[in-house]
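To find a chain, count down the sequence lines: A is the first, B the second, and so on, and within it residues start at 1. Excluded from the calculations below are hydrogen atoms, water molecules and symmetry mates; all remaining heavy atoms, backbone and side chain alike, are included.
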There are 2 protein chains.
Amino acid sequence: MEPKPLRAKTSGKEALDRAAWIAGALDIVARDGIDGLRVESLAKKLGVTKGSFYWHFKDRRDLIDAVLDDWRASRIRDIRKQTVAEPGGELAALRHTIDVYAAARNRKGISIEAAIRIWARQDGNGLAVVEEVDAERLDCTRRLFLALGLPAAEAAARSALLYAYVFGFSMMQCGRFPMDAAQTKDWIVGRITQ
Amino acid sequence: MEPKPLRAKTSGKEALDRAAWIAGALDIVARDGIDGLRVESLAKKLGVTKGSFYWHFKDRRDLIDAVLDDWRASRIRDIRKQTVAEPGGELAALRHTIDVYAAARNRKGISIEAAIRIWARQDGNGLAVVEEVDAERLDCTRRLFLALGLPAAEAAARSALLYAYVFGFSMMQCGRFPMDAAQTKDWIVGRITQ
DNA sequence: CAGATTCCATACGCAGCCGTATGGTGTCGA
DNA sequence: TCGACACCATACGGCTGCGTATGGAATCTG
């Protein structure tokens with residue numbers, strides 16, 4: 001009954017699907033931003049022409065919305081995965097979350113996030129997506145603080161500080177900072193979580 | 001002896017100088033980013049044609065560099081102004097700095113900063129400018145913490161937390177957040193400064 | 001095997017933008 | 001009054017990018 005949309009081509013070249021286009025688009029977004037995401041250059045990067053693109057997508061906006069949906073889903077999936085904690089392991093989970101998100105590694109993810117966030121200032125749909133991700137992230141860390149027994153207001157404040165710090169830190173990773181000193185980081189993590 | 005380059009035109013229309021072009025450029029950068037800064041659209045916004053632009057600037061890159069220089073100078077001037085403190089007033093100066101920089105107002109300034117920072121990831125000159133501004137801001141707040149008698153490592157860590165928080169907060173001001181609750185803000189400010 | 005469907009190439013018109021070349025108008029100094 | 005210069009308009013060629021129209025090759029279906 002399933003139409004089985006992905007056909008296993010016997011020839012050497014695999015047919016592209018929307019997921020492949022979105023993956024390629026994310027590479028470009030990380031480097032050039034949403035505005036730098038061009039149909040023809042993306043097609044060239046994938047080794048095809050835009051004739052292929054306009055078969056999979058209605059227009060450029062359709063691609064952008066697909067990228068946005070993909071990003072939202074992956075970001076929500078990730079924050080939920082990073083913030084799972086056994087009872088009693090909430091503090092370790094918080095430290096782990098800060099460590100993962102405020103990392104010099106994951107440059108591509110940071111670039112994508114920054115690009116989407118900047119662009120979303122001028123776009124209603126993008127704005128909604130960013131707000132959903134922000135809300136979920138704040139909620140996940142807030143729940144951990146609540147599980148540690150903190151009062152609601154302090155849990156909200158700590159999660160806000162955590163998120164703002166992590167995001168601000170990652171956004172400033174253009175150049176090497178004195179911020180990446182281990183001693184400084186440890187002090188900050190303690191200040192947020194304890 | 002001075003060549004007096006700016007002539008007071010007696011006619012109604014004032015002649016444009018580089019400063020006027022830069023000011024107009026900053027408006028566009030705030031809305032569309034550096035990549036959205038186009039010579040012809042900027043000229044249209046200023047009520048002239050690009051014939052005028054190419055008299056004042058060598059090319060589009062020349063304008064961008066001028067915008068960068070202007071932004072760096074104004075940001076360094078501003079952080080120095082906001083962080084002056086009488087002896088004994090360092091804590092108040094720190095609170096004032098957080099209040100000024102992590103404000104929902106000043107949306108244009110935040111947009112400009114974010115746009116420049118994003119764009120600087122792909123540009124050497126922009127990167128250098130951003131790093132200069134970051135270094136100066138970190139240094140200004142660090143000096144305040146040092147004046148409060150904190151040890152050097154903690155002063156550095158606090159200034160890093162302050163900067164990352166303020167910047168992350170301002171970058172997330174797309175939608176309304178639970179972060180702007182007065183109670184939450186007060187808790188965070190205390191956590192950073194005390 | 002014949003037709004339908006999937007996936008992509010090619011070609012076209014249109015628009016935006018860059019940088020240059022060139023001409024025009026107003027203002028200044030001698 | 002007369003160049004000289006500051007400031008800007010107009011016009012041009014070239015490039016990039018969007019979206020569409022159309023054709024073609026490969027695969028699936030009956």
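- The 5' end of DNA chain D is approached more closely, in terms of each residue's nearest nucleotide, by B/Trp55 than by the other of A/Lys58 and B/Trp55.
- Here B/Arg38 does not reach the OP1 or OP2 of C/dC17: none of its side-chain N or O atoms lies under 4.0 Å away.
- Taking 4.5 Å as the limit, some side-chain heavy atom of B/Arg121 sits within range of a side-chain heavy atom of A/Ile110.
- Atom CZ of B/Arg60 and atom P of D/dT16 are 15 Å apart (whole Å).
- The residue among A/Gly51 and A/Glu40 whose nearest nucleotide of DNA chain C lies closer to the 5′ end is A/Gly51.
- Protein atom CZ of A/Phe57 is 16 Å distant from nucleotide atom P of C/dT6, rounded to whole Å.
- For the pair B/Arg117 and B/Phe167, the cation sits on the ring face: its NZ or CZ lies under 6.0 Å from the ring centre, inside 45° of the axis.
- Contact check, B/His56 against D/dA6: no side-chain N or O comes under 4.0 Å of OP1 or OP2.
- Minimum atom distance to the side chain of A/Lys50 is reached by D/dT20, of the listed C/dC8, D/dT20, C/dT20.
- The distance from atom CG of B/Leu63 to atom C1' of C/dC17 is 14 Å, rounded to the nearest whole Å.
- Residue B/Glu113 forms a salt bridge (charged side-chain N to carboxylate O under 4.0 Å, His left out) with just one option from B/Arg72, B/Arg107, B/Arg75, B/Arg137, and that option is B/Arg137.
- Contacts between residues 26-37 of chain A and DNA chain D, defined by a heavy-atom separation under 4.0 Å, are absent.
- Straight-line distance from the OH atom of A/Tyr54 to the C1' atom of D/dA21: 13 Å, rounded to whole Å.
- Of the listed nucleotides (D/dT10, C/dC8, C/dC18), C/dC8 has the atom at the smallest distance from the side chain of A/Thr49.
- Of the candidate nucleotides D/dT10, C/dG19, D/dG19, C/dG19 has the atom nearest to the side chain of B/Asp59.
- Rounded to whole Å, the distance from NZ on B/Lys44 to C1' on C/dC17 is 13 Å.
- As rounded to whole Å, 19 Å separates atom P of C/dT6 from atom CZ of A/Phe53.
- Side chain of A/Arg191 to backbone of B/Arg191: a donor-acceptor contact under 3.5 angstrom is found.
- Using the six-membered ring where Trp is involved, B/Tyr165 and B/Phe169 have ring planes that are tilted, between 30° and 60° apart.
- When atom types are taken as modelled, the side chain of A/Glu90 and the backbone of A/Gly88 share a donor-acceptor pair closer than 3.5 angstrom.
- Annotation for A/Gln194: atom CD counts as buried by contact number, over 12 foreign heavy atoms lying within 6.0 Å.
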